[in-house]
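Structure, as C-alpha cells:
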Amino acid sequence: MCGIFGYAGSEARPEVLIEGIKRLEYRGYDSWGLCLAGNDRLSLMRRVGRISGVDVSALALGRDGSPLSGIAHTRWATHGAPTEANAHPHVDCAGRIAVIHNGIIENHAALRASLQSKGHRFTSETDTEVIPHLVEELLKSESDFTSAFLAALKLLVGAYGIAALWAETPDTIYVARHGSPIVLGVGKSSTLVASDPAPLVTHTRDVIYLDDGEAAILHPDGFETRTLEGTRVSKRVQQVAFSLQDIERGGFPHFMLKEIAEQPESIHNALRGRIVRSEGTAKLGGVEEDLLRRVRRCHIVACGTSWNAGLVGKYLLENLARIPTQVTFGAEFRYGHPVLEPDTLVIAVSQSGETADTLAAVREAKLIGAETIGICNVVGSSIARECGKGIYIHAGPEIGVASTKAFTSQLVVLSLLAVHMGRMRGMSLRAGLLFLDALERLPAQAERILGEKEQVARIARKYAQCRDFLYVGRLYEYPAALEGALKLKEISYVHAEGVQAAEMKHGPIALIEPGVPTVVLAAQAEIRDKMLGNTHEILARSGKVIAVAQEGDEELANLAHDTIFIPKTLDPLVPILSVIPLQLLAYYVAVERGCDVDKPRNLAKSVTVE
C-alpha cells in the first residue's frame, strides 16, 4: 500500500518528486508529502487528499539552496486518521531527520514511551514517527548517521520500507527494507528509490531489488548496499521489463478499461512459448520437472482476486491432473497452523508478488518443509524471490487498483500447470491437445467479447442505480461469480455477493426481489441445465436476470431480461472468458455512478501490510 519515491541528484526538484508519487497513486492513498534536502536544511510539505494543484513555492531551502536530494510519499492510513500531522515525512525534534515509511512498526508504542521519557516530543499518532526520533537519539552515541540509522533498524519490530534524509548530508538518501518492497533505480547522474518500479522508468530501467534485512546509501553518482550489521553486499542490476508507454493510459479514459482491453494480448503473452504441441503439454521453465512429478497434493495460498483465481486452479488441478488441492487465504494459512502432508506443493498466487499475507504464508510453508512455487506478475518481486522458482504471468504492468488482466493471465498459467501435471499423470495426448487448442483460441475469443462492450455498457446503465447485486455460478463459474461481485464492490461501492448456485435455496434466495438483479453464469455445458433451474427460481420470485451464456443459447436468452454471450470453449476455460464481461459491467456501472474507477476509496493496489 502507500508509496515511496526518492531522488538523489541535481534534478531533485519538487516537480520531479510529485511526478514520482503521482505514478504511485494507483497503490491507494489518502494523504501525501515530500521533503527536500539542501543548504544544510530540510524543507517539508504535507497534504491531505489527492495530489492536484500543488503550489511548491513554500518549499524554500534558503539562499542558493538548490535541492540535492528529496523523498516523497503517499500514505494509506493505518495508525492515525488521514490528517496533515499524520502524513509523511515525519521528522525528529530538531527537524534535521526526515523519514518516509511503508509498513507497520509493531513495537512503536514501547519505543515511543521510551523516547518520550528521554524528552522526545511527538506530533502525530503514527507508528512511523518513532523512527526519526530513534535515529536522533542513537546519533548521541553512534559515530555517524549510517551507524545510527542501522542501529535504529535493529530495534524495529514489524514490516518496513524506509527512506530517510539528514540535513547534514543533503545529497544522500538512506533506505532499508524488511517485509515491504524497496527498488533502487540507477541513473546516469542520479540514484533513485521507490516502492515499485513504476516511477523509476521515467528516469532509468536499470534497477536493484533490496532483500529483507538490507539497507542502502544513495548518492547522485552511485550507491552502496549493506546488511543491518553493516557488512557490504553486492547486488545485481536488472532491467525493468516494461517501458514508460506501458504505464500510460494510451488514450483510454481509465487504466482499468485499458487493462481490460489488453487481455487478448496478455492472455497470448501468458501462453507464448509454453505450448509443446508434439507432446500435448506445456513447458514451464521456472519449475523443475522432478518436483512436479513427485507432487501428491497442492495447496494454493492467495488473497483477494488471486484467491478467486486459486479456486479455479483447484478445479483445474483436481479435474485435469487428479491432484487433491486446497485453497487458503494467505493469513488463514499463516495463523491456522496448517497440516501439510509429505510431497505437498504450496503455490503462492499474487499479482504484485508483494502481498504481505501471501508472502508470510510462503515463509511459513518453507519453515514446515514444503516446496513452494510462485505465480506472479512482477519480475523480481518478494514472493518470486522467496519461492526461488515459479511462473511469471507476463501480463505487463497493471495500474488500475481493481485487477483485471492479471486475473485472466493467472487462470491461463494455472491451466498450463494443470495440463502439464495432468499429462504426467495419465491424461491422454488427445485430451492434452484438445485442451491446448482451446487455450490457443482464447486471445481471439477475448477480442470478440471486447467487441460487444457497448452492449455491456447499455446493461450497466440500466442497472447502475441498484443497491445490491447477486452473482451465481457453479463449478468453474463459481469463482467467476465471486470475482464479478468483487469487481463491482471494489470500484462502484455497490453491495454485491457471489453465491454458489446450488446454495441459493440454503439462504441467499431470500434476497431475491425486483430491485436486486442477479447475474447468472451459465456458459458451462456440463451444468447448463442446472443453471436454467436456478434462473427459473429467480424469475419465479420477480428477480431480474442478467445471463452470461454460450453463443447460440437462445433458450436462456429468452428467459433472461438481459444476456451477454461469450464464445464456446471447454468448461475449464469458461471463467477466462466469462469474467471479461463482468469486468466491463463493473467498470461501466462505476462510471455511470461517477466513481473514481482507478483509485477506489479505501483500497490499495498492493497490500503490503497485514
Item to check | Contacts of A406 that satisfy side chain to side chain contact (heavy atoms under 4.5 Å, CB included) - sequence neighbours left out | outcome: Q351, I393, E398, S403

Answer yes when [X] and [Y] have at least one side-chain N-carboxylate O distance shorter than 4.0 Å, and no when they do not.
| X | Y | answer |
| --- | --- | --- |
| D553 | K568 | no |
| R177 | D211 | no |
| E371 | K389 | yes |
| E259 | K405 | no |
| E318 | K314 | yes |

Can you confirm whether [X] sits close enough to [Y] that some side-chain heavy atom of one is under 4.5 Å from a side-chain heavy atom of the other?
| X | Y | answer |
| --- | --- | --- |
| V591 | H254 | yes |
| I100 | R75 | no |
| E497 | L511 | yes |
| S415 | I576 | yes |
| I368 | E364 | yes |

If every non-hydrogen atom of [X] is compared with every non-hydrogen atom of [Y], which pair is closest and at what distance?
| X | Y | result |
| --- | --- | --- |
| H561 | G543 | CE1-O, 3.3 Å |
| L24 | I4 | CD1-O, 3.3 Å |
| G330 | C303 | N-SG, 3.9 Å |
| A480 | L582 | O-CD1, 3.5 Å |
| I51 | K22 | O-NZ, 3.4 Å |
| L316 | F435 | CD2-CZ, 4.3 Å |

Next on the checklist: Is there a salt bridge (Lys or Arg N to Asp or Glu O under 4.0 Å) between E341 and R296? Walk through the geometry before answering.
Outcome noted: CA-CA 9 Å; E341 296 184 6; R296 298 175 60 189; 5.7 Å; no

Next on the checklist: Going by salt bridge (charged side-chain N to carboxylate O under 4.0 Å, His left out), R50 matches just one of D596, D598, D30. Which one?
Outcome noted: D596

Verify, without hydrogens or angle tests, whether [X] (side chain) and [Y] (backbone) share a donor-acceptor contact under 3.5 angstrom.
| X | Y | result |
| --- | --- | --- |
| T325 | I323 | yes |
| E592 | A460 | no |
| T74 | G3 | yes |
| Q263 | I260 | yes |
| T344 | L340 | no |
| Y588 | I459 | no |
| Q455 | T563 | yes |
| N377 | G396 | yes |

Next on the checklist: Ring of Y493, cation from R593 - is the NZ or CZ under 6.0 Å from the centre and inside 45° of the axis?
Outcome noted: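 No, cation not above the ring by the 6.0 Å, 45° rule.
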
Counting only heavy atoms from other residues, nucleotides and ligands, does the tally under 6.0 Å from [atom1] of [X] exceed 12?
| X | atom1 | value |
| --- | --- | --- |
| K462 | NZ | yes |
| H506 | NE2 | yes |
| K489 | NZ | yes |
| Q238 | CD | yes |

Listing, residues 520-527 side-chain donor-acceptor contacts under 3.5 Å, not counting sequence neighbours, or none:
| unit_1 | atom_1 | unit_2 | atom_2 | d |
| --- | --- | --- | --- | --- |
| Q524 | OE1 | Y476 | N | 3.4 |
| Q524 | NE2 | R474 | O | 2.7 |
| Q524 | NE2 | E477 | OE1 | 2.9 |

Checklist entry - Taking it one step at a time, do K487 and T305 satisfy side chain to side chain donor-acceptor pair (under 3.5 Å)? => result CA-CA 9 Å; K487 286 291 145 301; T305 285; 3.0 Å; yes

Measuring from atom [atom1] of [X] to atom [atom2] of [Y], what distance do you get when rounded to the nearest 0.5 angstrom?
| X | Y | atom1 | atom2 | result |
| --- | --- | --- | --- | --- |
| N308 | L486 | CG | CG | 6.0 Å |
| I580 | Q445 | CD1 | CD | 9.5 Å |
| I373 | I347 | CD1 | CD1 | 4.5 Å |
| H101 | S195 | NE2 | OG | 12.0 Å |
| E483 | Q583 | CD | CD | 7.0 Å |
| L573 | L411 | CG | CG | 9.0 Å |

With distance as the sole criterion, is a donor-acceptor pair present between the side chains of [X] and [Y] under 3.5 Å?
| X | Y | result |
| --- | --- | --- |
| T281 | H420 | yes |
| R441 | T569 | no |
| S409 | H394 | no |

Checklist entry - Please walk me through it: do D212 and R385 pass salt bridge (Lys or Arg N to Asp or Glu O under 4.0 Å)? => result CA-CA 11 Å; D212 279 355; R385 286 181 290 136; over 6 Å; no

Checklist entry - Can you name the side chain to side chain donor-acceptor pair (under 3.5 Å) partners of E551, sequence neighbours left out? => result R448

Checklist entry - Can you check ring pair (Phe, Tyr, Trp, His ring centres under 6.0 Å) on F329 and W307, steps first, answer last? => result CA-CA 7 Å; F329 291 109; W307 188 89; 4.4 Å; yes

Item to check | Parallel, tilted or perpendicular, as decided by the 30° and 60° cut-offs, for the rings of Y463 and F469 | outcome: perpendicular

Next on the checklist: Run the ring pair (Phe, Tyr, Trp, His ring centres under 6.0 Å) test on F333 and H299 for me, step by step, so that the C-alpha distance in whole Å, both residues' side-chain angles and the decisive distance to 0.1 Å come before the verdict.
Outcome noted: CA-CA 10 Å; F333 184 94; H299 200 129; 5.1 Å; yes

